[in-house]
Amino acid sequence: AHDSSFHIDIFDGVFDVSALKQQVTTTCEGILRFFSDAWVADIETLSAELSASCPCWEPFRENLLSRLEVVEALCGNQKYGNIGTLAAELRSQCKMLKLIHSDKRGMMVEAAVIKR
């Protein structure tokens with residue numbers, strides 16, 4: 001039995017096109033999984049570096065400048081210069097993924113990873 005959508009008369013008796021289709025599909029899925037795993041690792045690395053560059057000031061949002069230890073942490077943050085670059089790169093990666101996902105053929109990277 002063969003998949004009629006992939007049947008090409010000239011190949012009858014030469015080789016099984018449906019087997020080729022399955023092999024190509026399996027290989028492509030493996031390649032996509034490889035790129036997806038690498039992309040997730042890159043996004044998680046960027047996210048971790050961005051988090052490490054930001055002092056934990058969120059709980060002090062309302063009285064940020066009245067807490068001396070928080071002000072000192074903000075002023076003494078050696079990684080402050082990295083925040084803009086890392087955030088821009090992370091935003092760019094997420095934009096690219098949304099563009100790729102817009103084809104509705106499946107998620108290259110899970111939405112939960114992008115949301116984090």
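None of these values were measured; they are calculated from a predicted model. Each residue takes its place number in the sequence, starting with 1.
Partners of Thr27 according to the side chain to side chain contact (heavy atoms under 4.5 Å, CB included) rule, which considers only residues two or more places apart in sequence or in another chain, are Gln23, Ile31. Shown here are the side chain to side chain contact (heavy atoms under 4.5 Å, CB included) partners of Leu20, two or more places apart in sequence or in another chain: Phe15, Val24.
Heavy atoms of other residues, nucleotides or ligands lying less than 6.0 angstrom from CD of Gln78 number 12 at most.
Between the Ser36 side chain and the Leu32 main chain, no donor and acceptor come within less than 3.5 Å of each other. Although no hydrogens or angles enter the test, the distance criterion places a donor-acceptor pair under 3.5 Å between the side chain of Ser51 and the main chain of Ser47.
Counting all heavy atoms, side chain and backbone alike, Ile83 lies closest to Leu50 at O-CD1, 3.6 Å.
Taken from NZ in Lys95 to CG in Leu90, the straight-line distance is 13.0 Å, to the nearest 0.5 Å. Taking CD of Glu72 as the reference point, atom CG of Asn77 lies at 13.5 Å (rounded to 0.5 Å). The OG1 atom of Thr85 sits 11.0 Å away from the CD atom of Glu49 when rounded to the nearest 0.5 Å. Between the CD atom of Glu89 and the CD1 atom of Ile43 there is a distance of 9.5 Å, given to the nearest 0.5 Å. Note that CG of Leu99 is 13.0 Å distant from SG of Cys94, once rounded to the nearest 0.5 Å.
The one candidate from Leu46, Val40, Asp42 that meets the side-chain contact (heavy atoms from CB on, under 4.5 Å) condition with Glu44 is Val40.
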